[in-house]
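Here the structure is laid out as structure tokens; the discussion comes afterwards.
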Amino acid sequence: MEGDEEKLLHSVALQNANSIFLARQRADQELVRTKEALEAKTQALVQSLERAEALARERDRALVEADKARRAAQAASEAKGHFLSMISHELRTPLGAIGGYVDLLEEGIHGALSDGQREYVERIQHNQKHILALVDELLDLAKIESGQFVLHLETVPLQPVLESVHTMIEPQMQASQLRFEIRSDDPTLRFHADGKRVEQIVLNLLSNAVKFTPAGGSVTITAAPTADKVSLHVQDTGVGIPHGKLEAVFEPFVQVESSQPPQIRAARGTGLGLAISRELARVMGGELTVESERGKGSRFTLSLPRAN
Ligand code: ADP
């Protein structure tokens with residue numbers, strides 16, 4: 001009897017030892033799996049850290065490069081501004097002298113001019129004025145681009161600006177046989193801008209409209225207010241601008257070569273007017289854009305902040 005009990009106890013002990021062994025084996029396996037998972041996670045973490053470090057190094061390099069590029073651009077812009085204003089001043093003085101002497105010749109200070117001489121004197125005057133305008137515009141552009149342009153921002157009522165440009169441009173409109181109309185329903189509209197510069201931009205747009213619209217066409221200015229801006233649309237029925245050149249016309253010296261009638265080709269300007277006008281609009285917190293279709297006309301839009 002005692003022997004049976006002993007056997008039973010022995011067998012229970014054996015079973016216990018077995019299940020303990022199995023449990024231990026499972027625990028060991030679990031431990032190995034956990035260790036492996038931990039190692040994999042550690043490795044992934046190390047890799048992410050390495051990637052983050054590489055990215056940080058790349059970002060630092062990019063920052064250094066960007067800083068170098070910014071300094072180079074700033075130095076180039078300062079050098080360009082300095083060069084342009086020096087050249088402009090060097091050119092303005094002799095050009096003024098040429099203009100003065102030609103005016104004296106025209107007045108007949110050294111005797112009356114023959115018809116041939118008068119014609120040449122007029123050509124010299126015309127070219128002298130053209131170069132002077134070019135030099136002045138170059139100077140303006142250089143000043144705006146180098147941030148040295150002084151603006152007088154104030155509340156500018158729209159109505160007097162429109163009346164002033166109307167008076168100035170009307171003779172050219174009539175001489176070119178164009179219909180000119182101003183549509184502005186709200187006489188209380190006001191810009192927050194530099195009044196003289198607004199006039200300069202609108203006049204530039206209008207004189208372009210005159211140059212590029214054949215006789216019989218029309219030019220219209222429309223005022224369109226939004227909550228925070230006032231837009232002026234200058235629309236003509238002229239030769240238009242090819243689609244691919246719509247942005248290029250705002251670049252300095254770009255003049256679109258197209259099959260224009262000779263009177264338009266002859267009336268060419270400096271190619272700086274729109275570049276200056278867009279820069280001016282932007283420094284006043286606005287924008288100058290264009291929509292156009294070849295042969296159907298152009299619509300330039302000047303948007304400027306609206307005064308409260
Ligand atoms: P400019 O008039 O002195 O040539 P701008 O910078 O004012 O210089 O204009 C650049 C070019 O844009 C013009 O030469 C012309 O080709 C084109 N352009 C400007 N305004 C018009 C317009 N209203 N219609 C057609 N083309 C235009």
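Counting starts at 1 for both ligands and their atoms, in listed order.
Contacts between Asp236 and ligand 1 below 4.0 angstrom, taking non-hydrogen atoms only, involve the side chain exclusively. Both the backbone and the side chain of Val256 come within contact range of ligand 1, each with a heavy atom under 4.0 Å. Residue contacts with ligand 1 for Phe300 involve side-chain atoms from C-beta outward but no N, CA, C or O (heavy atoms, distance under 4.0 Å).
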Could you pull out all donor-acceptor pairs under 3.5 Å where a side-chain atom in residues 32-41 meets a protein atom, sequence neighbours excluded?
residue : atom : partner : partner atom : Å
Arg33   : NH2  : Glu30   : OE1          : 2.7
Thr34   : OG1  : Glu30   : O            : 2.6

Only pairs under 3.5 Å count here: list side-chain donor-acceptor contacts from residues 172-179, not counting sequence neighbours, and write none if there are none.
residue : atom : partner : partner atom : Å
Gln174  : NE2  : Glu170  : OE2          : 3.2
Ser176  : OG   : Gln172  : O            : 3.0

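For ligand 1, the atoms sitting less than 4.0 Å from at least one non-hydrogen atom of Val254 are 10 (C), 11 (C), numbered in the order shown with element in parentheses. Short contacts between ligand 1 and Ile241, defined as distances under 4.0 Å to a heavy atom of the residue, involve ligand atoms 25 (C), 26 (N), 27 (C). Near Lys211, the atoms of ligand 1 lying under 4.0 angstrom from a non-hydrogen atom of the residue are 1 (P), 2 (O), 3 (O). Ligand 1 places these atoms under 4.0 Å from at least one heavy atom of Ser298: 22 (C), 24 (N), 25 (C). Of all the atoms in ligand 1, the ones that sit under 4.0 Å from a non-hydrogen atom of Val249 are 10 (C), 12 (O), 17 (C).
Between Asp140 and Leu280, the closest side-chain pair of non-hydrogen atoms is not below 4.5 Å. Annotation: side chain of Val202 is in contact with side chain of Leu302 (closest heavy-atom distance under 4.5 Å).
The option from Val290, Leu246, Val210, Asn208 that lies nearest to atom 7 (O) of ligand 1, judged by heavy atoms, is Asn208. Considering only non-hydrogen atoms, atom 27 (C) of ligand 1 lies nearest to Phe212 out of Phe212, Phe250, Phe253. Between Gly271, Gly297, Ser292, Gly273, it is Gly271 that holds the heavy atom closest to atom 1 (P) of ligand 1.
Within a 6.0 Å radius of NZ in Lys245, other residues, nucleotides and ligands contribute 12 heavy atoms or fewer. Within a 6.0 Å sphere centred on CD of Gln29, heavy atoms belonging to other residues, nucleotides or ligands number more than 12.
The closest side-chain donor-acceptor pair between Gln74 and Arg71, if any, does not fall under 3.5 angstrom.
Using the six-membered ring where Trp is involved, Phe180 and His166 have ring planes that are parallel, under 30° apart on the 30 and 60° scheme.
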